[in-house]
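Notes follow the structure.
The chains referred to below are lettered A, B, ... by the order of the sequence lines, with proteins before strands, and numbering in each begins at 1.
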Protein chains: 2
Amino acid sequence: METRELRYFVAVAEELHFGRAAQRLGIAQPPLSRAIGQLERRLGVTLLDRTSRTVTLTEAGSVLLREGQAALDAVEAAERRTRRAALAATGRPGLVLVTKAGASGELLPKLLEAYAAEPGAVAVDVLLCGIGEQERLLRDGRADVALLHRPFDSTAGFDTEELRAEGQVAVLPAGHPLTGRAHLRMADVTALSDLPTPRWPRTDGTYPDGPGPEARDHAQLCQLIALGRASAVLPESCRAYLRPDLAAVPVLDAPTVTTVIAWPPHSRSHAVAGLVRAATRL
Amino acid sequence: METRELRYFVAVAEELHFGRAAQRLGIAQPPLSRAIGQLERRLGVTLLDRTSRTVTLTEAGSVLLREGQAALDAVEAAERRTRRAALAATGRPGLVLVTKAGASGELLPKLLEAYAAEPGAVAVDVLLCGIGEQERLLRDGRADVALLHRPFDSTAGFDTEELRAEGQVAVLPAGHPLTGRAHLRMADVTALSDLPTPRWPRTDGTYPDGPGPEARDHAQLCQLIALGRASAVLPESCRAYLRPDLAAVPVLDAPTVTTVIAWPPHSRSHAVAGLVRAATRL
DNA sequence: AGTGATCGATACCCGGCAGGTATCGATGCC
DNA sequence: GGCATCGATACCTGCCGGGTATCGATCACT
């Protein structure tokens, strides 16, 4: 199976419309129809049930959609990482580390410093992204390593090394009655119906239903809390970066947050290995 | 990047010889040279340093070798799993479960029975393989789920669910002096220099150096122990399947063995999900 | 040093296939 | 029933992947 065939099939399977898929791929519709037909014939499998009015995925088709996306990600990753490895020899960004914007405050500079001191260290680019985007970036090669936070981020499919565990604090507007307390329980926070937890976007970019405002990143979240529209329970390391109009109170029974460094299991390159080594020695 | 290009590059990178690689690929040498050249030009990266006498990988080349192998595995897996999903609708093997031959004795039949009772269960093929082969089979799609045993098998890159933890026993020839003891320590077993631990093949099929005979699977191992040529420390569930000419003694300080069910994180198909559900309910 | 063998690169040719346009046939909507 | 939509088919064209012949460089052997 060629990646061109896979790309074509994934486009059709996602659009469920040959015309739109062809447009997205920048080709005409007839070659696309033919390519899909050939793919089906070669596999000996019906991937799409199509009438002249509607296109639906068969069971086999939906398997190929999932697996094909993963395979295309892997191919893309191979290409990106190869390009990057070549740059590392001559010029700059040899390694890309991704982390959620606004998280892992003091850990990150320490890690970068420790790695830079390693012999043979290459240049590290830091890529900040929104919630839940790290996994995709790591899978398709736009990043080589990630700092993730259990239990929020899924580490499925990656090798990980634990770096740090910490409790969580409730972040509230300064002056809120609860800020006088020495510590809280989760029940105290969820009871604040006037300060609901904001809703995070899912991987597809849509927001779940429910009360609470929508927030895409740390900055938006802080803003919402300062405005008295939301509250949040965050890892205690966020205190170092809290705006003066916010206050933090420890939450005793909140789940412990573990910061881990994660990388694709097969890409044990020297550079990644060095960075992981530096991280575990912190 | 097309899979054809990747296959070509991987062949050359593994052989480090254009002629042999071309032979392996079933094409002539000139088109291969040209394809690699085109790939390098398109990526803007030198992958191979070649004189007219010798070919070596550059740093970028070795990255592409690793990543490319993973990507090719993913593409192959997509193809295999799609074919299998199509069969599941009509005929037989809709799911392939792989486990080490001779391991997970009573667990496996229970699991298969429990899954078969699920509504919508598909036919499950059981694939038995040698030591350390499971990961490859799971990655390239020849299997959909695996039973693995921590800490022996690496679960890197897979989703897992723990099924069972058990201690280990020393397996000795019947009548050996130590078989009279109620329990042993690791030191007792390693001290048996006349009964060394056998050597297992590595992933590439070669055996590490050292004392002890070579063994590829459970049957060979048992045979060697019965012959008085080796001893082994195995999960205690193996007792149920032990030949009468072998004896087992618990080893108190041996690491606990955890049986896990593992699957590729992206392939959350109905069938896999059902099997995992059945497994966790055992 | 000269000669032959080895090996990757280059030059050139050919056939197949990817992609384009035109059109058909089926289906749903007003 | 007429029309619009959408996928499939027919047919043409140009590119590119693959083949053979050959070159140039390097190493081994005498």
Side-chain angles (χ1 to χ4, degrees), chain A residues 1-62 64-65 68 71-72 75 78-79 86, chain B residues 1-62 64-65 68 71-72 75 79:
Chain A
M1 213 167 23
E2 290 302 311
T3 57
R4 185 181 51 81
E5 302 178 283
L6 260 185
R7 266 191 291 269
Y8 286 8
F9 171 74
V10 168
V12 176
E14 286 179 351
E15 299 282 349
L16 290 178
H17 190 291
F18 279 73
R20 278 194 300 274
Q23 200 174 352
R24 196 173 110 183
L25 292 165
I27 64 171
Q29 170 259 321
L32 180 56
S33 284
R34 198 181 47 191
I36 301 292
Q38 278 175 2
L39 179 60
E40 288 183 321
R41 224 169 320 121
R42 192 159 355 177
L43 290 173
V45 167
T46 306
L47 300 170
L48 299 162
D49 285 324
R50 35 204 190 276
T51 71
S52 67
R53 299 302 292 175
T54 174
V55 176
T56 53
L57 279 171
T58 64
E59 191 62 32
S62 62
L64 185 56
L65 175 56
L72 288 177
V75 172
E79 194 167 334
Chain B
M1 212 167 23
E2 291 302 312
T3 58
R4 185 182 50 81
E5 302 178 284
L6 259 186
R7 265 190 292 269
Y8 285 8
F9 172 75
V10 168
V12 176
E14 285 179 352
E15 300 281 350
L16 290 178
H17 189 289
F18 280 73
R20 279 194 299 275
Q23 200 173 352
R24 197 174 110 184
L25 293 165
I27 65 170
Q29 171 261 320
L32 180 57
S33 285
R34 199 179 45 189
I36 301 291
Q38 277 175 2
L39 179 60
E40 288 184 320
R41 223 168 320 121
R42 192 158 354 176
L43 290 174
V45 167
T46 306
L47 299 170
L48 299 162
D49 285 324
R50 35 205 191 275
T51 70
S52 65
R53 301 301 292 176
T54 175
V55 177
T56 53
L57 279 171
T58 64
E59 192 62 33
S62 61
L64 186 57
L65 175 56
L72 288 176
V75 172
E79 193 167 336

Measuring from the side chain of [X] (C-beta onward, heavy atoms only), which nucleotide among [options] has the closest atom?
X       : options                : answer
A:Pro31 : C:dA9, C:dG20, D:dT20  : C:dG20
B:Phe18 : D:dT9, D:dT20, C:dA9   : C:dA9
A:Arg34 : C:dC12, C:dA18, C:dT10 : C:dA18
B:Val55 : C:dG8, D:dG18, D:dC6   : C:dG8
A:Gln29 : C:dG8, D:dT20, D:dG7   : D:dG7

Whole-Å distance between [N] [atom2] and [X] [atom1]?
X       : N      : atom1 : atom2 : answer
A:Leu32 : D:dG7  : CG    : P     : 9 Å
B:Leu16 : C:dG8  : CG    : C1'   : 14 Å
A:Leu47 : D:dG7  : CG    : P     : 16 Å
B:Arg50 : D:dC27 : CZ    : P     : 17 Å
B:Gln23 : D:dG19 : CD    : P     : 13 Å
A:Ile27 : D:dG7  : CD1   : P     : 13 Å
B:Asp49 : C:dC7  : CG    : P     : 19 Å
B:Glu2  : D:dG17 : CD    : P     : 9 Å

Result of checking A:Leu43, A:Leu39, A:Leu72, A:Leu32 against A:Phe9 for side-chain contact (heavy atoms from CB on, under 4.5 Å): A:Leu39

Residue met sooner reading DNA chain D from 5', once B:Pro30 and B:Arg42 are mapped to nucleotides: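 Looking at the nearest nucleotide for each, B:Arg42 comes out on the 5' side.
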
For [N], does either OP1 or OP2 sit under 4.0 Å from a side-chain N or O belonging to [X]?
X       : N      : value
A:Gln38 : C:dC17 : no
A:Arg53 : D:dG7  : no
A:Arg20 : D:dC6  : no
B:Ser33 : C:dG8  : no

After noting the C-alpha distance and the side-chain angles of B:Arg7 and B:Thr3, does the key distance pass the side chain to side chain donor-acceptor pair (under 3.5 Å) rule? CA-CA 6 Å; B:Arg7 265 190 292 269; B:Thr3 58; 3.2 Å; yes

Given the ring of A:Tyr8, does A:Arg4 sit roughly above its face, with NZ or CZ under 6.0 Å from the centre of the six-membered ring and within 45° of the axis?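 Checked: cation-pi criterion met.
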
Is the shortest heavy-atom distance from the side chain of B:Leu57 to the side chain of B:Asp49 under 4.5 Å?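 Of all side-chain heavy-atom pairs linking B:Asp49 with B:Leu57, none is under 4.5 Å.
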
Between the main-chain N or O of A:Glu2 and the side-chain N or O of A:Glu5, is there a donor-acceptor pair closer than 3.5 Å? yes

